[in-house]
Amino acid sequence: MHLQSRELVFDSRAYDAGTGSRLSEPYAASLVTRRWDGSDVTIAFGTDGPGGEDCQLHGFYPREEWGLWSRTAEPQIVLPFALEGAVSLALRVRGLGTNVGRTIAVEIGGQDRPIVLTEGPEEHRLEIELARPANVISFAGLDARRIAGLMDTRTMALGLVSLSIESRQAPAPRRRWAWDAAENLGRRHVPHGLDGIVYIARLDPEDRRANLEDLLTAFCYALGDKEDATLLCRLGARPRPSVVEHFANHLTPVGPMKCRVVAVADATPGRVRKMRRRANYFVSASREAEEIGTLLSHLKAGLPAVAPDHSAFAGHVDAATGFAVRASPEPTSWPGSGDAPLDSLWYRIDWQSLVDGLRESYRVAVSDSPRYRRMRDAARRASRQPAAR
Amino acid sequence: MSVALANLDLLVHVPFWDGTIGANLGKPEYSYYFVYKTMLPLLEAYGTPRKVERLEYLDAACAASRAEGRQPLVLVFAPPHQLPLDPPAPIVPIFAWEFDTIPGEHWDDDPRHNWVEMLRRVPVAITHSGHTCDVVRGVLGADYPIHAIPAPVWDRFSAIGGAGWDGSPRQIRFRGAVLDTGANPSGDNPSGTETTGTGAEQRIELSGVVFTTVLNPHDGRKNFEDMVTAFVWAFRETPEATLVLKLIYHDAATGMAPIRRLIARLGHFRCRIVAICAFMDDDAFDELVRATAFAVNASKGEGQCLPLTEFMSAGRPAIAPPHTAMADYVDAENSFLLDSSLEWTIWPQDTRRLYRCRRHRLDWDSLRRAYLEAHRVAVQDPGRYREMSRNATNRLRAHCSTDTVVRLLRRAIEEACANLAVRPAPVPEMWNRAKAAFRSGPGANDPGDRSDMVGLRDAWLSGWFRKSTGELFEGFAVGASDTVVDVGCGDGSHLNFCALFGARIVGVDVDPAALGRARGTLARNPAASAGFLLAEAERLPLASGAATRVICSETLEHVDDPARAVAELYRIGAPGALYLITVPDALSEEQQRHVAPPAYFEKPNHIRIFPRDALPALLKDAGLELLSEAAYGYYWSIWWALFWACDVKLENPDHPALHHWAKAWSAIIETPGGRKLKDQLDRFMPKSRVYVARKPESGPCR
């Protein structure tokens, strides 16, 4: 089957593996959601600054009061609209550590402009004549290593405070391009086919219980060298744009890999059924079995599971219906995080056992079809029985 | 050939010496200092080891020992990436490691991060665990000479263990900060009382079943969080259970903060938590050991775990996971074992922060159960407790008594002596290696005064490798929009510099081996798009106008037809392209001619000497516009002359004359008139002449 542009939220193949985790321009273009009418735009990146709610910040740490710090050597601002023609950009930025006094490049639409980073925030005005529409502003040439001797071990290099955009053309031309780019460029450059051995997961990346980190790292560790292995993450009907950053954050330390990680928004029930039919396994690294319904619906569809066998999952996931992942309890706070009281227990996943389950399930899908068929049948049967706890 | 032990001169180096350790507590290297302190007395068997306070002094120390007719062997208590690249004598690293792989690649342009290569160049390596030996041998071969030698702590601690733990009250006095939740029978005030300030005199009394751990709270691998939470979950209603966290940290306020924050999240509990942040003297620490019933460890990996070996030597059973170094001495007869599995992580020194190895993820519930079982044994089964205590001290005697360690050290040093001649250091060509090393350090522009970097500092002062401006040489800036072709690229270090600034790069060389090395160099630079071509300079398989930057460094003196080669360089440049061309200087070459072996001036080496005015004419004739001309490298002219005179191998240019020259030049360029003098001498007899040229925007079509 093929994934549709409008349901695709993240695709690891759209990332430029050579430079860490930089979004390719066509892929960024596919994130355009609205038109720019040429009016002035100001985005303050601090937590209470105005604007930029739908702007994607790629390769940065979370917003702080004053703005935000870059995380990678080539961070990007992805605008929800495309800029065209003659524009003025006013960027208020600062450098940290060895980046103070460093000349870095600001790139937009295939053009780059040098700026020299300063110790404190300073505004840089860039006049750019865009030959083609562009919605991504990239930075290059940063020294994104940890700063020796600093308690903060983040890889901070560039501090981004604000961005103002003005069009130097009047009247504003008709801007149809953005939509075309999303439809055409996005479709042409992102490999949307869904082939090979597909693991389907259903999760909200911002829900700590869903444990996206273990799922992604174990998947890439177990199957990183398999070109035909795909992890398909269903994010629900309307995922927030910021979820992309969760995928990027967890995949950056993994580096280049051959397997594929895709995240999709649920479009229609029909599409969901189609994906479920296309998949080979259901996979979960959940710390709590709150979504027992999700597991059951996938078992019912004949998908063996690679999932923890704790709490409500117990009795549904075993050697007959899939690959049980070990887990054991640990304290947590509910529902908050940070300094909230540790007043309940959830599960800590045995990461290596998740890796083992993924590797073995892949082997079975590729070269042990009798066993795979037995698991499919057992999965369908198990979904009809109440859990034996 | 081996070196007789009697003729051996041991030199030792450790990053911290006595005077500085207090201020550095908790920093990564601090445990190296403690290992050094415990091993030093045992090294006296080989004569009094000479302390080398700074690695910069190593040259002089080795020269002195050779002057006495002795063979220097340097023991460095530091991980492999902190060893000098170019040691004046064989070095034995003594290091700790707890992950399941070691780096076989480098980053930050510092080749020393490649442990595999660094370890290949030492006569033996010493680490502290069988785990690390297995990991290293897994990469370097089953016969790789690495020795697991723990710090010899057993004798001192078995003596203070006495009759064993009995739960009676003990007083501990020290100066430092304490956070004590108290026995707190009501459980109403779990955040406890806190005295901060390193100067405060403290007296605490410990009794009952005391669990103790010694750790740096800011070292994530130690995992105090699980230790504290599992303790409270096990003993929420048990007032006589105490957890002591002896924190190793140089600043009490920062050291205590994460413990305070965690305790505030634990709600009501009646057991007691005592956190101590202080540098205890031996008496106080011994008393803490005596008050302790169990030593606790919940870490994700250990290179050795000195505190655990100390407490167990004193007959204190452990609660610990039997992985990494602990697998050598923790077992079910002397400890309560914790379960763990593996997880992906980074090498801690890797600034790229890429997942490259695995560490252990603890099963928290197994720790909670182990606390309960240990408590039960201590309170209800004194026979079993005494048995485990005996087992602990006996197992640790075999593991880390002075007798054991003396024997292990002797074996390692004997093997080092036997290997001194057997394992020469196969290092890449010195100049190129030094160039690569130059770019190490935290974003350094200026290589500073490190003695192994004299040549690089000299080059930098002459205008090379200007990182802040992206200039490979003054006037030759490289940026992300450039395509750089290096004809005669050698090991690719010039290209590597260009790649750092995002340029597309193409390396050309006639030597397949050099291209292989260049590929290796550039493979480690993820920013580059790189291509490599095996070709002669006179016939470049590249499109006309393909390059915006062309490098041809120390190559034209090798080629048969320089005019044709320059014409090719011209052809591949785009209009406006910049050129960086260097050739050896005529005077320096004339001088080498009298001291170098004849092969130096035969093909494939230098087959011509360019008179000083030859290159400008050659470039102009080809159509290039000369922008600047410079001369540099008096230092290298003399270095090479000495090199030939000393008759040493290029792979290991180890001779006092060369070391002294490097030191002398390093001192000269730092004198008040040094730069001026360097300038004059560089003009007088440079190693090379450097030309920056440009292809005119509209030039003759060729």
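Given the structure is predicted, the values throughout are model-derived calculations rather than measurements.
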Between [X] and chain B, with a heavy-atom cut-off of 4.5 Å, which part of the residue counts as in contact: side chain, backbone, both or neither?
{"X": "A/L345", "answer": "side chain"}
{"X": "A/T217", "answer": "both"}
{"X": "A/E213", "answer": "side chain"}
{"X": "A/D214", "answer": "side chain"}

> What pair of heavy atoms forms the shortest contact from A/T252 to B/L354, and how long is it?
Replying inline: O-CD2, 3.7 Å
>> How close do A/L342 and B/W233 get, counting heavy atoms only, and between which atoms?
In response: O-CH2, 3.3 Å
> When rounded to the nearest 0.5 angstrom, what distance separates CG in B/D363 from CD in A/E330?
Replying inline: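 It is 10.0 Å, given to the nearest 0.5 Å.
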>> With a 4.0 Å cut-off on N to O distance, would you call A/R326 and B/D339 a salt bridge?
In response: no
> Can B/R358 and A/Q352 be said to form a side-chain hydrogen bond (donor to acceptor under 3.5 Å, both in side chains), step by step?
Replying inline: CA-CA 10 Å; B/R358 289 179 301 172; A/Q352 188 64 39; 2.9 Å; yes
>> Are more than 12 heavy atoms, taken from residues, nucleotides or ligands other than A/E127, located less than 6.0 Å from that residue's CD atom?
In response: yes
>> Parallel, tilted or perpendicular: which one describes the rings of B/W344 and A/W351, with boundaries at 30° and 60°?
In response: tilted
>> Apply side-chain hydrogen bond (donor to acceptor under 3.5 Å, both in side chains) to residues B/D365 and A/S328 and explain how you reach the verdict.
In response: CA-CA 6 Å; B/D365 202 45; A/S328 64; over 6 Å; no
>> Any heavy-atom pair between the side chains of A/Y221 and B/L342 that's under 4.5 Å?
In response: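 A side-chain contact is absent here, since even the closest heavy-atom pair is not under 4.5 Å.
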> Would you say A/D350 and B/R361 make side-chain contact, with heavy atoms under 4.5 Å?
Replying inline: no
> Counting only N and O atoms by type, is there a donor-acceptor contact under 3.5 Å from the side chain of B/R265 to the main-chain atoms of A/S333?
Replying inline: no
> Any donor-acceptor pair under 3.5 Å linking the side chain of A/R348 with the backbone of B/L362?
Replying inline: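 Judged by distance alone, yes, a pair lies under 3.5 Å.
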> Side chain, backbone, both or neither: which part of B/R261 has an atom under 4.5 Å from a heavy atom of chain A?
Replying inline: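 For B/R261, the contact with chain A is made by the side chain alone.
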